*Asks:* 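Once you've had a glance at the structure underneath, I'll fire off some questions.
So that the names make sense, note that chain A is the first sequence line, chain B the second, and so on, each numbered from 1. For the numbers below, each heavy atom of this structure counts, side chains included, while hydrogens, waters and symmetry mates do not. Quantities reported herein were computed from a predicted structural model and do not represent experimental measurements.
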Amino acid sequence: MYSKGLKPLSIASLATLALALGLVFFYAPNDADQGFLQKIFYIHVPIAIVSLCGFVAGGLMAIQYLRTNDRSWDMRSYVAIHLSIVLGLGVLITGSIWARGSWGHWWVWDEPTLVSFLIVFLLYCCYQPLRFSIEDPERQARYAAVFAIAAGAFVPINFIAVRMSQSFSHPRVLSATGGSMPGSMRLTFLISLLGFTLLFVTLWKLELTSKHASMQLKRLKKRLELDLEERPAGAPAPPVSTVPAQPSRD
Amino acid sequence: MPALPLDEAGKYVAAAYLVVFAIVLIYVAIMAAKLSRIEREVDSIHELLDKSGR
């Protein structure tokens, strides 16, 4: 169900990321201002973009769940948000390393871009505790969907607010006029962004496949156990449902 | 601040790339652990089927 196209997707992600790494270190020139340190940009910014898009995608999938009441959309939303949190952690750590090298501080509290990303990250850190504090699967999925939609809407609003604010030290690399990156840097950045997008989709599909298989197996086992207790050997077995259950912490 | 020399900047760049690599690696390792759990589940289902004689 979810594993369709996983193998070519994995190969494409690995190839694109390998190409991106090659371009970062052997093709893109060193930045005139920051020198070699600016190479962090090619990993930090793409994972930040992919992570934020993952949060928004999680919200859109949650809308789809509320519209259709199809549990598979809830599962998709949950995995997208979960994976975005993991990438978000990477964004915060790589950002701190870059800040230390560039500004001499691990964190700058009066910088809107940094603080806003931290707020978004901490907001989404509440998603899982909220979700798993509700035992009823129906309510769990519905409440999680509402949270995902509200938080997903907050992400672009937050992004626009930060763009409109006065930046003190964080550079604005991407702008409506195309930014100030030369062609080689822009190409490297775009390949890196593509690589991380493919990686996100690959891991998302991988986790969905794993969760779906695990839940189907649990259901099958439960059914077999019940069947063994109730039915004599040789009698026909009832069909096993393929509807995905709610996400578990497994 | 002026640009850091290559040996100094290299440490930060290596650290940033290693962090991302480690995060992806840990994620894949967790997925592998889950896969082995699924494998054990499949084995237990086989045992149940053997018990039922089907």
Side-chain angles (χ1 to χ4, degrees), chain A residues 17 21 24-25 30-44 46-47 82-83 86-87 89-104 169 196 199 203 206-207 209-211 213-218 220-221 223-225 227-228 231-235 237 250, chain B:
Chain A
L17 284 173
L21 268 181
V24 167
F25 292 108
N30 279 349
D31 184 67
D33 179 42
Q34 295 206 14
F36 189 68
L37 188 70
Q38 186 263 350
K39 301 283 183 196
I40 298 175
F41 162 80
Y42 300 108
I43 198 163
H44 171 72
I47 55 172
H82 168 73
L83 196 50
V86 174
L87 287 184
L89 182 68
V91 174
L92 288 173
I93 299 173
T94 54
S96 280
I97 294 170
W98 194 4
R100 175 72 181 161
S102 184
W103 305 330
S169 46
F196 279 105
L199 181 72
L203 294 178
L206 188 69
E207 188 166 347
T209 307
S210 158
K211 283 203 183 301
S214 173
M215 281 185 290
Q216 288 297 102
L217 277 171
K218 269 180 197 156
L220 186 65
K221 194 177 169 186
R223 200 139 203 168
L224 268 171
E225 280 167 349
D227 194 37
L228 270 175
R231 200 168 52 87
D250 292 349
Chain B
M1 273 178 78
L4 291 173
L6 187 64
D7 59 331
E8 189 77 15
K11 281 188 271 184
Y12 290 109
V13 174
Y17 279 79
L18 281 174
V19 161
V20 174
F21 179 72
I23 286 174
V24 174
L25 196 70
I26 291 167
Y27 190 87
V28 172
I30 292 169
M31 293 306 297
K34 283 179 182 175
L35 191 67
S36 63
R37 199 184 305 159
I38 290 172
E39 203 175 16
R40 282 198 300 275
E41 291 270 333
V42 172
D43 288 342
S44 67
I45 286 172
H46 271 293
E47 277 172 27
L48 277 174
L49 281 171
D50 287 343
K51 257 190 228 170
S52 69
R54 290 181 202 114

*Asks:* Give a yes or no answer on whether the side chain of B/Tyr17 reaches the backbone of A/Lys39 with a donor-acceptor pair at less than 3.5 Å.
*Replies:* yes

*Asks:* Pick one of side chain, backbone, both or neither for B/Tyr27, based on which atoms fall under 4.5 Å of a heavy atom in chain A.
*Replies:*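 Side chain only.
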
*Asks:* Could you tell me which portion of A/Leu21 (side chain, backbone, both or neither) has an atom closer than 4.5 angstrom to a non-hydrogen atom of chain B?
*Replies:* side chain

*Asks:* Checking A/Val91 against chain B: side chain, backbone, both or neither under 4.5 Å from a heavy atom?
*Replies:* neither

*Asks:* Chain A heavy atoms under 4.5 Å from B/Val19: which part of the residue, side chain, backbone, both or neither?
*Replies:*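 Contact with chain A is through the side chain of B/Val19 alone.
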
*Asks:* Which bit of B/Leu35 is near chain A, if near means a heavy-atom gap under 4.5 Å: side chain, backbone, both or neither?
*Replies:*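 Interface part for B/Leu35: neither.
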
*Asks:* Nearest 0.5 angstrom please: A/Asp227 CG to B/Leu48 CG, how far?
*Replies:*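 One finds 10.0 Å between CG of A/Asp227 and CG of B/Leu48.
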
*Asks:* Using 30° and 60° as the class boundaries, would you call the ring planes of A/Trp98 and A/His44 parallel, tilted or perpendicular?
*Replies:*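 Perpendicular: the ring planes of A/Trp98 and A/His44 meet at over 60°.
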
*Asks:* So, taking the atom named CD1 in B/Ile30 and the one named CD in A/Glu207, what distance separates them when rounded to the nearest 0.5 Å?
*Replies:*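 Rounded to the nearest 0.5 Å, the CD1-CD separation comes out at 9.0 Å.
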
*Asks:* Among A/Thr209, A/Leu89, A/Val86, which residue forms the greatest number of heavy-atom pairs with chain B at distances under 4.5 Å?
*Replies:*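 Result: the option with the highest number of such pairs is A/Val86.
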
*Asks:* What is the distance from atom CG of A/Leu206 to atom CG of A/Leu199, rounded to the nearest 0.5 Å?
*Replies:*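 So the gap between those two atoms works out to 10.5 Å.
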
*Asks:* Can you check whether A/Ser210's main-chain N or O pairs, donor with acceptor, with B/Lys34's side chain at less than 3.5 Å?
*Replies:*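 Such a contact is absent between B/Lys34 side chain and A/Ser210 backbone.
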
*Asks:* Please look at A/Ile93 and chain B and tell me whether the side chain, the backbone, both or neither of the residue comes under 4.5 angstrom of a heavy atom of that chain.
*Replies:*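 The side chain, not the backbone.
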
*Asks:* Non-hydrogen atoms of chain B under 4.5 Å away: do they reach the side chain of A/Leu203, the backbone, both or neither?
*Replies:* both

